[in-house]
Amino acid sequence: MRLLVTGAAGMLGRDVVAAAVDAGHEVAALARADLDITDADAVRAAVLAARPGAVINCAAWTDVDGAETAEEQATAVNGTGAGHLAAAATEAGALLVHVSSDYVFDGRSEEPYEEAAPTGPQGAYGRSKLAGEHAVAAAGGRSAIVRSAWVFGPHGKNFVDTMRRLGAERDEVAVVDDQVGCPTYTGHLAAALLRIAERGATGVMHLAGGGRCSWYDLAVATLEETGLACRVRPQSTADIGRPAPRQAFSVLSSTRADVPVLPNWRDGLRAHLTRVEVAA
Ligand SMILES: NC(=O)c1ccc[n+]([C@@H]2O[C@H](COP(=O)([O-])OP(=O)(O)OC[C@H]3O[C@@H](n4cnc5c(N)ncnc54)[C@H](OP(=O)(O)O)[C@@H]3O)[C@@H](O)[C@H]2O)c1
């Protein structure tokens, strides 16, 4: 099928484009320099020209802490920009596969968040992502709103690669052990987003790596898998003090039988490490 991918130079966007090309789809891969999704006219022109069967939106403001002092700019991309894409996709008769985030939840639950769980973002980034979900739904076309979490992959700044770097430089790193979530490898998420586009699945869906762990567990696993001798010291979220609030509990689960099930986060970690080690 013909696919249009926005944010095509981002960490997820690059793996989505690669997976789509590998699967034999015809892909219009638009990085920010090719298409700024805050420009409604440009979005409409690009989508109508490409005549895609589906648009996969990987474009976003992803600076969680920066959004606290730039909420308007974050919302222009994550909220209004997503709405422009949804309006254009609706006009073109295309499915919009829109990537959203665990940050739309408050993180206070003790049970995994299912698709119908009440939202309640705690910070500006989460509010901007929720605004995007609402804008996509309000456009009235066919859309899949896909929430993921704790994403890492070879094409962007991410926690796993930070741990690899610090683990090689230091004897000890301190990592929070009071936030729990589902680390998600871009290679697995990209393949699943493609399946959603191919099947034409619609509605809200949760797609994150299987299992759950804390950032501390993920750091320990990364150092184990890479054979680095660095020690990991647990610390609390309160000890670090970041500008944006972080959710203590960010585990996503799906009640939908038509949503692909992603491999366990540890398999995602190994797949990522194999790729970055081969590339090094
Ligand atoms: N990373 C995570 O842990 C995580 C977790 C859950 C959900 N998500 C979601 O996953 C999606 C992909 O994120 P990612 O991790 O791949 O982040 P990323 O590497 O920052 O990719 C986002 C891309 O969007 C581009 N972009 C920013 N503003 C744009 C605009 N106005 N028009 C067009 N493109 C624009 C960025 O370009 P520049 O780099 O040039 O600004 C970047 O290439 C996002 O929807 C994000 O909210 C991410």
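Each ligand, and each atom within it, is numbered from 1 in the order the structure gives.
For Gly10, the heavy-atom gap to ligand 1 drops under 4.0 angstrom. Within the 4.0 Å heavy-atom cutoff, Leu35 counts among the residues contacting ligand 1. Within the structure, ligand 1 lacks Gly81 among the residues with a heavy atom less than 4.0 angstrom away. Within the structure, ligand 1 lacks Ala31 among the residues with a heavy atom less than 4.0 angstrom away.
Among protein heavy atoms, atom 6 (C) of ligand 1 sits closest to Ser148 O, 3.3 Å. Looking only at heavy atoms of the protein, atom 10 (O) of ligand 1 is closest to Val99 CG1, 3.4 Å. Protein heavy atom closest to atom 34 (N) of ligand 1, with residue, atom name and distance, is Ala59 CB, 3.4 Å. With respect to atom 4 (C) of ligand 1, the closest heavy atom belonging to the protein is Val151 CG2, 3.5 Å.
Between Arg44 and Asp41 there is no salt bridge, since none of the side-chain N atoms of the basic residue sits less than 4.0 Å from a carboxylate O of the acidic one. In summary, Asp63 and Lys157 do not engage in a salt bridge, as defined by a charged side-chain N under 4.0 Å from a carboxylate O. Contact check on Arg233 versus Asp239 returns no salt bridge, with no Lys/Arg side-chain nitrogen under 4.0 Å from an Asp/Glu carboxylate oxygen. Look at Glu115 and Arg256 and you find no salt bridge, because none of the NZ, NE, NH1 or NH2 atoms lies under 4.0 Å from a carboxylate O. Using a cut-off of 4.0 Å between Lys/Arg side-chain N and Asp/Glu carboxylate O, Glu169 and Arg164 are scored as not salt-bridged.
Residue-level proximity to ligand 1 for His155 is absent, since no heavy atom of it falls below 4.0 angstrom. Contact annotation: for Tyr125 versus ligand 1, heavy atoms closer than 4.0 Å belong to the side chain alone. Both the backbone and the side chain of Ile37 come within 4.0 Å of ligand 1, counting heavy atoms alone. With a 4.0 Å heavy-atom cut-off, ligand 1 is reached by the backbone of Ser100 but not by any atom from C-beta on.
The atoms of ligand 1 that sit less than 4.0 Å from any heavy atom of Val77 are 28 (N), 29 (C), 31 (N). Which parts of ligand 1 touch Leu12 is read off a 4.0 Å heavy-atom cut-off, strictly below it: atoms 12 (C), 16 (O). Less than 4.0 angstrom separates some heavy atom of Cys58 from each of these atoms of ligand 1: 12 (C), 22 (C), 23 (C), 24 (O). Distances below 4.0 Å separate heavy atoms of Ala149 from the following atoms of ligand 1: 5 (C), 6 (C). The atoms of ligand 1 that sit less than 4.0 Å from any heavy atom of Trp150 are 3 (O), 5 (C).
Listed for the Asp34 side chain is a donor-acceptor partner under 3.5 Å among the backbone atoms of Ala31. Side-chain atoms of Thr184 come within 3.5 Å of backbone N or O of Cys182 as a donor-acceptor pair. Panel note: side chain Asp177, backbone Tyr216; no donor-acceptor pair is recorded below 3.5 Å.
Residue Ile196 is tested with Ile56, Leu207, Thr202 for a side-chain contact (heavy atoms from CB on, under 4.5 Å); the sole match is Leu207. Considering Arg231, Arg270, Arg266 in turn, Arg266 is the only one that fulfils the salt bridge (charged side-chain N to carboxylate O under 4.0 Å, His left out) rule with Glu224.
With Gly181, Ala82, Ala60 as candidates, the residue nearest to atom 25 (C) of ligand 1 on a non-hydrogen basis is Ala60. Within the set Thr62, Asp63, Asp39, Val43, the minimum heavy-atom distance to atom 17 (O) of ligand 1 is found for Thr62.
Between Tyr113 and His206, the distance separating the two ring centers is not shorter than 6.0 angstrom.
Residue Asp36 places at least one N or O, backbone or side chain, under 3.5 Å from an N or O of ligand 1. Close N/O approach between Arg32 and ligand 1 is found [any backbone or side-chain N/O within under 3.5 Å]. At a 3.5 angstrom cut-off on N or O pairs, Met11 counts as close to ligand 1. In terms of polar-atom proximity, defined here as any N/O pair under 3.5 Å, Gly7 makes no such contact with ligand 1. The shortest N or O to N or O distance between Lys129 and ligand 1 is below 3.5 Å.
Side-chain contact check for His272 versus Glu225: every heavy-atom pair is 4.5 Å or farther apart. With a 4.5 Å cut-off on side-chain heavy atoms, Val55 and Leu95 do not count as touching. Here the side chains of Phe249 and Arg108 are not in contact, with every heavy-atom distance at 4.5 Å or above.
In this pair, Trp215 and Phe159 present their aromatic rings tilted. The plane angle is within the 30 to 60° band.
Distance check on atom 39 (O) of ligand 1: every protein heavy atom falls at or beyond the 4.0 Å cut-off.
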